[in-house]
Amino acid sequence: MSTPIYTTISALEKHEGELVTLKGWLYNKRSSKGLHFIVLRDGTGLCQCVVNHGEIDESSWNGADESTQESAIEIIGRVRADEKQVGGYELQVTALTLLHKAEEYPITPKEHGVDFLMNHRHLWLRSQRQWAILRIRNSVIMSIHNFFQEKGFLQMDAPILTGTAVEGTSTLFEMEYFGRSAYLTQSGQLHGEAMAMAFGKIYTFGPTFRAEKSKTRRHLTEFWMIEPEMAFYDLDMAMQLAEDMLSRIVSDALANCQTELQILERDQEPLKRSLSGYPRVSYDKAVEILKSDKTAQMVADKIAGLQQETSDLQTESKEGQAAHGQAKKWEKKKIDAREIEIQRRLADIEEELRNLPKWLESAQAFEWGGDFGGSDETLITWHFDRPIIVHRFPHEFKAFYMKRDLEDDRVALGMDVLAPEGYGEIVGGGERATDLAFLQSQVKKHGLPEEAFTWYFDLRRYGSVTHSGFGLGLERTVTWICGLHHLRETIPFARTLDRLYP
RNA sequence: UCCUCGGUAGCUCAGCGGUAGAGCAUGCGGCUGUUAACCGCAGGGUCGUAGGUUCAAAUCCUACCCGGGGAGCCA
């Protein structure tokens with residue numbers, strides 16, 4: 001007899017009723033005397049495999065019996081549709097080979113802390129949630145490439161080692177470079193502009209490094225950025241391009257990642273609303289919104305809502321404790337598990353209740369000319385149900401290469417896309433300055449070394465044209481699409497302030 | 001850099017001056033349709049490190065180390 005066809009869990013639907021071979025790892029096992037339910041993980045999905053003592057040879061039975069969590073196994077079995085199962089299919093096992101018996105696996109099916117999981121990231125990647133997140137990351141990456149390629153953009157690779165500090169040196173990783181200083185890139189934009197003047201429309205897709213001492217859920221020291229740069233595009237065209245790009249990312253994720261989004265329990269309604277119609281909000285308007293009575297009311301409502309939730313949770317917790325005494329063992333477990341959830345949520349709420357009054361205070365004290373902080377951005381996005389594009393910021397706190405608005409000299413033609421649901425800035429960019437003298441004066445004003453920009457100035461000497469571009473933060477975008485609390489799970493191996501391993 | 005919370009079994013945590021605990025994981029036993037399966041038994045600890053207070057410290061105090069969250073800054 002020949003070995004049945006080797007296939008994957010994702011392709012089982014094509015083999016219903018047939019005998020197939022699957023190779024993978026044991027994700028979980030539930031057993032009784034003559035029966036093992038093995039949940040097999042093969043990278044494409046999960047599938048329950050039923051091993052019945054009476055129906056297989058002794059070596060197969062012993063293999064199943066000895067298999068521990070994450071042991072590598074090869075299984076031959078018949079495919080059966082079963083609505084109740086993850087993935088919709090089940091395998092009735094006819095033969096099983098234990099390829100490698102795993103040692104005691106550190107990540108159990110129970111809960112773990114963040115530090116422990118990050119220390120075991122190389123193994124954590126095997127878990128279902130991580131599988132879902134990184135597959136969505138893959139979808140987002142492919143959407144971006146397809147979107148730009150279909151629009152005739154040229155993909156380019158900007159240098160990762162750079163010779164000059166374009167922005168503050170405090171956020172640059174410095175290294176020794178044959179007796180000189182070199183830095184890891186913070187942005188490929190300036191080189192992108194050069195390429196745009198050569199190819200019209202280009203985009204970079206590469207890693208970016210920031211030595212910011214930030215310990216927040218929105219920061220990594222190494223992250224991936226996509227930076228399109230377009231000749232003959234003004235600010236409005238760049239904003240439309242950013243909207244179209246994000247719309248494509250969301251639409252592809254909704255179409256191709258239903259399994260993944262469901263594993264993550266992502267509420268898909270906010271994503272469905274994000275397919276078009278992103279409001280354009282000027283900085284002036286945003287400041288007005290920030291200081292409005294409506295914002296104050298929203299904060300007050302939010303506080304009231306959180307206080308109500310606190311009291312509800314406390315009531316539930318008390319009821320749980322009261323029922324605990326005479327509860328059966330499995331009921332007690334359920335109550336205890338819920339109690340942990342309640343306490344976590346209560347701690348989060350407490351933190352929010354501490355922050356909200358401060359947020360409101362700083363929002364109301366906001367003065368025209370200042371830069372929005374994280375909390376200000378969040379409050380502004382509360383007024384909308386989809387991503388918004390904030391544009392035309394005071395030029396003081398913006399980069400030297402930004403073009404001024406001809407109609408209002410106080411503002412620069414910059415724009416940020418703010419994701420809804422509190423996710424904040426995922427895109428930043430704008431229209432670039434085209435005038436040589438203006439750029440030279442800006443470089444001087446920002447205290448930057450002029451000699452480092454001679455090549456960049458050349459772009460304004462030989463056929464300077466209107467052009468625009470922006471940068472999209474890949475991990476922040478994936479965080480938003482997935483509805484995650486923290487962006488460190490959206491990259492296989494996160495690099496943060498104090499984490500270089502694994 | 002600042003603010004804040006934490007470090008107790010392999011993991012998640014409880015204990016908060018008086019003999020170190022639970023659940024999961026592991027091992028053994030039971031159970032032929034389980035869904036973080038269940039039931040019984042067992043092994044498993046320098047209570048982050050170093051000082052101090054005390055008859056007595058996981059518990060109180062001081063310093064340091066490590067981590068989480070937040071601020072600033074940013075994608």
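Atoms considered below: every heavy atom in the structure, side chains included; atoms not considered: hydrogens, waters and symmetry mates. Since the structure is predicted, the reported quantities are computational estimates derived from the model, not experimental observations. Within every chain, numbering begins at 1; the chains are lettered A, B, ... in the order of the sequence lines, protein sequences first and strands thereafter.
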- Message: Using side chain to side chain contact (heavy atoms under 4.5 Å, CB included), reason through A:Ser71 and A:Thr68 one step at a time and then give a plain yes or no.
- Response: CA-CA 5 Å; A:Ser71 285; A:Thr68 51; 2.8 Å; yes
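Legend: side chain to side chain donor-acceptor pair (under 3.5 Å) pairs involving residues 25-38 of chain A, not counting sequence neighbours, sorted by first then second residue: A:Arg30-A:Gln48, A:Ser31-A:His36, A:His36-A:Asp65. Residue pairs meeting the side chain to side chain donor-acceptor pair (under 3.5 Å) criterion with at least one member in residues 357-373 of chain A, sequence neighbours excluded, are A:Asp284-A:Trp368.
Atom P of B:G18 sits at a distance of 32 Å from the matching atom of B:C3, rounded to the whole Å. Between the P atoms of B:C60 and B:A71, the separation comes to 30 Å (whole Å). Nucleotides B:G68 and B:U12, compared at atom C1', are 15 Å apart to the nearest Å. Taking atom P in both B:C13 and B:C55, one finds a spacing of 36 Å when rounded to whole Å. Comparing the C1' positions of B:C16 and B:A56 gives an interatomic distance of 15 Å, to the nearest angstrom. For the C1' atoms, the distance linking B:G7 with B:C47 amounts to 10 Å, nearest Å. When the C1' atom is compared between B:A9 and B:G45, the two are found 6 Å apart, to the nearest whole Å. Between B:C61 and B:G6, the distance separating the two P atoms is 12 Å to the nearest Å.
Looking at residues two or more places apart in sequence or on another chain, you find a side-chain contact (heavy atoms from CB on, under 4.5 Å) between A:His112 and A:Ile107, A:Thr108, A:Phe116, A:Leu117. In this structure, A:His395 has no ring-ring contact (aromatic ring centres under 6.0 Å, His included) partners at least two apart in sequence or on a different chain. Legend: residues meeting side-chain hydrogen bond (donor to acceptor under 3.5 Å, both in side chains) with A:His100, ordered by chain and number and at least two apart, are absent. Partners of A:His446 according to the ring-ring contact (aromatic ring centres under 6.0 Å, His included) rule, which considers only residues two or more places apart in sequence or in another chain, do not exist here. Judged as a side-chain hydrogen bond (donor to acceptor under 3.5 Å, both in side chains), and not counting sequence neighbours, the contacts of A:Glu70 are A:Arg41, A:Arg126.
Across the protein-nucleic acid pair, A:Leu246 atom CG and B:A75 atom P stand 15 Å apart, rounded to whole Å. Going from atom CZ of A:Arg218 over to atom P of B:G70 covers 7 Å, rounded to whole Å. Here the P atom of nucleotide B:A25 and the CZ atom of A:Arg30 are 12 Å apart, to the nearest Å. Whole-Å rounding puts the A:Phe372 CZ to B:C74 P distance at 13 Å. Rounded to an integer number of Å, the gap from A:Leu40 CG to B:U34 C1' is 17 Å. Here B:G72 presents its C1' atom at 13 Å from CG of A:Asp376, a figure rounded to the nearest Å. Across the protein-nucleic acid pair, A:Leu353 atom CG and B:G70 atom C1' stand 15 Å apart, rounded to whole Å. Atom pair A:Trp124:CH2 and B:U12:P shows a separation of 12 Å (rounding to whole Å applied).
Under the 6.0 Å cut-off for aromatic ring centres, A:Tyr203 and A:His145 qualify, their centroids lying closer than that. Remark: aromatic rings of A:Phe372 and A:Tyr283 are close, center separation under 6.0 Å.
Between A:Glu243 and A:Arg386 there is no salt bridge, since no side-chain N of the basic residue sits under 4.0 Å from a carboxylate O of the acidic one. At a threshold of 4.0 Å, the pair A:Glu475-A:Arg137 counts as salt-bridged, since one of the basic side-chain nitrogens sits closer than that to a carboxylate oxygen.
Among the protein residues, A:Leu220 comes within range of the nucleic acid bases, having at least one heavy atom under 4.0 Å from a base atom. A:His485 comes within contact range of no nucleotide atom at all, as no heavy-atom separation falls under 4.0 Å.
An aromatic stacking contact links A:Phe223 with the base of B:A75, defined here by ring centres under 5.5 Å apart and ring planes under 30° from parallel.
For A:Thr204 (side chain) and A:Met156 (main-chain N/O), no donor-acceptor pair under 3.5 Å exists by modelled atom type.
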Sort me out a list of protein N/O and nucleotides 31-33 of chain B N/O pairs below 3.5 Å, or just none if empty.
unit_1 : atom_1 : unit_2  : atom_2 : d
B:C31  : OP1    : A:Lys33 : NZ     : 3.3
B:U32  : N3     : A:Asn52 : OD1    : 3.3
B:G33  : O6     : A:Arg80 : NH2    : 3.3
B:G33  : N1     : A:Arg80 : NH2    : 3.3
B:G33  : N1     : A:Glu90 : OE1    : 3.3
B:G33  : N2     : A:Glu90 : OE1    : 3.2
B:G33  : N2     : A:Glu90 : OE2    : 2.4

Pull out every protein N or O sitting under 3.5 Å from an N or O of nucleotides 1-10 of chain B, one pair per line with the distance.
unit_1 : atom_1 : unit_2   : atom_2 : d
B:U1   : O4     : A:Lys213 : O      : 3.3

Could you write out each protein N or O paired with an N or O of nucleotides 42-49 of chain B at a distance under 3.5 Å?
none

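In terms of polar N and O atoms assigned as donor or acceptor, the side chain of A:His112 never comes within less than 3.5 Å of the base of B:C11 in a complementary pairing.
Contact annotation: the side chain of A:Thr221 never approaches that of A:Thr496 to less than 4.5 Å [non-hydrogen atoms, C-beta and beyond]. Contact of the A:Thr378 side chain with the A:Tyr423 side chain is not registered, since no non-hydrogen atoms from C-beta on lie closer than 4.5 Å. Counting heavy atoms from C-beta outward, A:Ile38 and A:Leu96 have side chains that approach closer than 4.5 Å. Annotation: side chain of A:Glu352 is not in contact with side chain of A:Asn355 (no heavy-atom distance under 4.5 Å).
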Here RNA chain B, pairs taken as Watson-Crick or G-U under 3.5 Å and shown with ( ), [ ] when crossing and | when to another strand, reads ((((((((.[[[[.)..(..]]]].(((((.......))))).....[[[[[..)....]]]]])))))))....
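The side chain of A:His219 places no N or O atom within less than 4.0 Å of a non-bridging phosphate oxygen (OP1 or OP2) of B:G70. In terms of phosphate contacts, A:Asn355 brings no side-chain nitrogen or oxygen within less than 4.0 Å of OP1 or OP2 of B:A71.
If you check residues 419-432 of chain A against RNA chain B, the residues with a heavy atom closer than 4.0 Å are A:Glu425, A:Ile426, A:Val427, A:Gly428, listed by number.
Put simply, the residue from A:Arg432, A:Glu431, A:Gln189 that forms a side-chain hydrogen bond (donor to acceptor under 3.5 Å, both in side chains) with A:Tyr401 is A:Gln189.
Each of A:Glu475 and A:Asp115 lies near RNA chain B, and the nucleotide nearest A:Asp115 is the one positioned closer to the 5' end.
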